[in-house]
Amino acid sequence: MELINQHTKRIMEGCKDRAKEAGLQFQDETLEYIVTNKDLLELMPKNMIPTLYDYWVHEVEVLKEKGKYELYPYNPYETVINTRPAMSFYNDNNPDWLNVMIFYHVLAHIDFFQNNLFFKHTWQEDFAGQALSDKRSIALLRSEKGRFVDYVIEFTRGIDNLVGFYNELSDLNRPAGNKSAGKLDFYFDLFLQTIVRVPFHEYLKEVDRYNETTGRFGSMAESIFFSQVSKKYPEFEALYTTRQKSKKPKSRDLIDFIADHSPFLQKEENRWMKTVMEIVRKTSLYFQPQIRTKILNEGWASYWHEKLFINDDRIKGNEVAFARVNAKVTALPRMGLNPYALGMRLFSYLEGLADQGRISYAFQRLESIGGRSGFDQKTGQGRDFVSQVRENFNDFMFVNTFVDQDFVDTYKLFVAGKRLNPQKEVWEYYIQSRKASDYKAMLLESLYHPPHIVIGEPKSQDRSLYLDHQFEGKPLVREFIAHTLLGIEYLWGGPVKLETSEPIEKPEPPLAYSYNLYDPVPTDGKSSRQDKAQFGRVLYTMENRKLSRSLL
Amino acid sequence: MPGDLDPEPRIKQWKDDLGKAFRNTLYEQDDLTHLQALTAPRGHYLQNLKSIDELLERDLQREKDGFPRKIRIGRLIKVGKGGKEKIVVVPTTVEEKLIHDLKADSSKTEDQSGGSGEGNDGQVIGEEPVHGTEGSGTGGAGQGESGEHEIESSAFDLGRILTEKFNLPNLTEKGKKRSLKKFTYELTDRNKGFGQVLDKKATLRKIIETNINLNTIPDVAQIDPARLLVSPQDSVYRILSKEQDFESQAMVFFVRDYSGSMSGKPTEVVVTQHVLIYSWLLYQYDRQVETRFILHDTEAKEVPDFNSYSSLSVAGGTKVVSAYRLVNEIVERENLSRDYNIYVFHGTDGDDWDTTGKETIPELRKMALYSSRVGITVANRGGSALEKTIKDSRVLEEYMKQLRLVVIEEEAEESRLIEGIKQLIS
């Protein structure tokens, strides 16, 4: 892996100037590397983060080929790493004109990373540097603790898709001034009311006294007020300080909860495991916004590389070659989903709408087709509007808010279905629906969505960990439950329970129904069974590395 | 390119691609492959053997530490490249997590994907044959060979790993292996002066060499053939030579039911297990293994290579006896039992039209007489016709040393398959 040469770097700097002029916002410093096939082998399992910690599963992944992830949503590797400075990777034999196009694409990605609010927790971080230091800590631990480091990594990675990404974000985006309870709140809300239980009139008297003190002493008021309080209630100060100490920040997700509350991890000799868990957790958090903004991010980058490169004088003579490459990337496929094409179309569509002032109440309330088609306020707000979308949206919001019938019609989109034609013995792919609601539902269905699992109140009086899967119509992958729970049990140091929903098999209909007198071949058993599965709650218990399952 | 002129293959290719595109998800595309058209790198299996060893060692350690093993071996991946299919054996592992099972979503009756372009609701825009490779009809011996070669190169190492790491037993008769020599005659040796065939190119080279030494060529760029001196010693001949070769010591018959009922999971189970067995034997006999592949429904036929063996399927009934009879015929006709240790491995879902075993059992008995081992895998939940006839006939007890029957459920995991192999070959 080496840096691009000075000639190519100069091209990049030229691109930066033009991109900034066009309105993209990003930091000046970037690093660009050439990657060879061998580099890719090592980088791919590590999601292109060169400094990510070593782990044996990465090695296995080097050994196996891509395409095993049918069941398993995998963070795709990326060419641009959202770190400070941003890094990006290039094929070693791109011609200059192609590099110009790719640089624009990359710059738009960087702009996206550094402005989209879902990336806010990464804004202050040099992730590559952080990862390097983490990698060193893990290597050091490995020299002391041996293979158990890898077990901890493995078991933590088993639950790293359940990290509290939104909890992390909501902490960051909490409005200022809404601080947690201070001394004053403790005194009035808890101490007087629940600990001392003063009568109501005395409580009001204290409030009055506080108001009076503030009026007379201004900024000094609080300390003067409390000096009086400690005379009257000498135990107050001590109570307050113990309270402050005992108050722990709330655990932000399952990994955090286990680290905070697991009896096993609190033991002196196991403390180091928390370090490893935190590293895995942080790494997962880093990737969370990326998988949640795939359409938006690639759409934004494609939108800009096209816009910027067509107006760039360096395209001269390479228009046809560009058209070919660009079409490969951004053409809407006849079948299948392409996040580049889809996101780019949606951005262009929105820009058009906003330019005409159609994203407004005035347009929404129009009902006549004539009125709608002629509607154009020529606001010129399109560019501003798409910038706001790139700042405030993620894939779900993007698709859910903006995919409408006009969009689906404009780009002739449809939901494709697959059905069996038993006569011809073929699978047929066909146009299932052109309705926007169906198309939107299909898109939302294909978005990344980890299960929502909350830490429930234990339903029995043992020291087990109770996990409650909030059922959303999709059961969990059954084969994976045993091993994941095994890992949690190890980290928790006690029994682990998982409550979830699973299809409960109905007794099969009597055979007589599935026979046809004229053609005595039983109909395919599947079709009768698959009508509507009934879901029921089940409880998995992992205790002493044995899994048991019971109906609730 | 001729392909560019003829639209037919391209339309066909396009239609094939539809199915692939249908399964594409949003997250499979990224800048490097999509924008920069970089192919995903592939590590060659052999280059990584050392680390496989280390990984397997770690896996063994896991078991000692009380955690289940994680590395699976022997998964078959078909890589379609220009219509060719290869079979590669690689180690894999899955990181288990609590994730949604998209396939078990019962509210959706059909798979869905996106698409764009013209067409009315309900219009069919592409088709894909249900039985994978069968319909595409691109079979042929040449293609199969490359497939077999690919599997050969990694199968030996897989066999070693299976033996060493998964504690598959060594063959008991390994110590007194027969090492038969056989001789072939080939025109590979060269000889000056006399021989069977004149090697013209080598002769000319020799003449030039002599003449340069004799200084009869003043200018190398302009050689005048008329001035060259030719000595009888300069003529180089090819000569028949005796080449020593080691005879293969084991002959393995892989027999598979390819009738309609086998499609999908049962076939996968059987084929995967047969690959593992093949690898194991290859290691045990130090590569001196020959294989024959036999498919049967109501009729049996021999196919030339593993590729067709693993991929073909037909819709039809099942007569196990046809296959056994064919194996017996081949062994008899070619007099194989004299020179080889013969192994027969039969994979089926247990269907058999011969429910009494009147025909099947005698052929099985005959087979047991000359074989080192006959292993029958029934990919079924149990209680199938074949299983019943064999058990009823008590032939298993009769030929305890030769016959083995294993019943494996269709959903079997790899560890179960390897367990099954242990039973088959123990």
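To find a chain, count down the sequence lines: A is the first, B the second, and so on, and within it residues start at 1.
Chosen from S302(A), G487(A), S433(A), G158(A), the residue pairing most often with chain B at heavy-atom distances under 4.5 Å is G158(A). Here V415(A) is the residue among L485(A), T330(A), V415(A) with the most heavy-atom pairs under 4.5 Å with chain B. Interface summary for chain B: among E298(A), E502(A), E154(A), the most heavy-atom pairs under 4.5 angstrom belong to E154(A).
In this structure, the portion of L486(A) lying under 4.5 Å from any heavy atom of chain B is its side chain and not its backbone. Both the backbone and the side chain of F414(A) have a heavy atom closer than 4.5 Å to some heavy atom of chain B. Heavy atoms closer than 4.5 Å to chain B are found in both the backbone and the side chain of R434(A). When heavy atoms are compared at a cutoff of 4.5 Å, L498(A) approaches chain B solely by way of its side chain, counted from C-beta outward. Heavy atoms closer than 4.5 Å to chain B are found nowhere in N326(A), neither backbone nor side chain. With a 4.5 Å cut-off on non-hydrogen atoms, N120(B) touches chain A through its backbone but not through its side chain. With a threshold of 4.5 angstrom between heavy atoms, H449(A) approaches chain B through its backbone and through its side chain. Only the backbone of P450(A) has a heavy atom closer than 4.5 Å to any heavy atom of chain B. With a 4.5 angstrom heavy-atom cutoff, F155(A) touches chain B only via side-chain atoms.
None of I159(A), N161(A), L467(A) except one satisfies the side chain to side chain contact (heavy atoms under 4.5 Å, CB included) rule with I453(A); the exception is L467(A).
Without hydrogens or angle criteria, K97(B) side chain to D160(A) main chain gives no donor-acceptor distance under 3.5 Å.
Around the CZ atom of R545(A), the shell of radius 6.0 Å holds more than 12 heavy atoms that belong to other residues, nucleotides or ligands.
Using bins of under 30°, 30° to 60° and over 60° for the plane-to-plane angle, the ring pair F103(A)/Y90(A) lands in the perpendicular bin.
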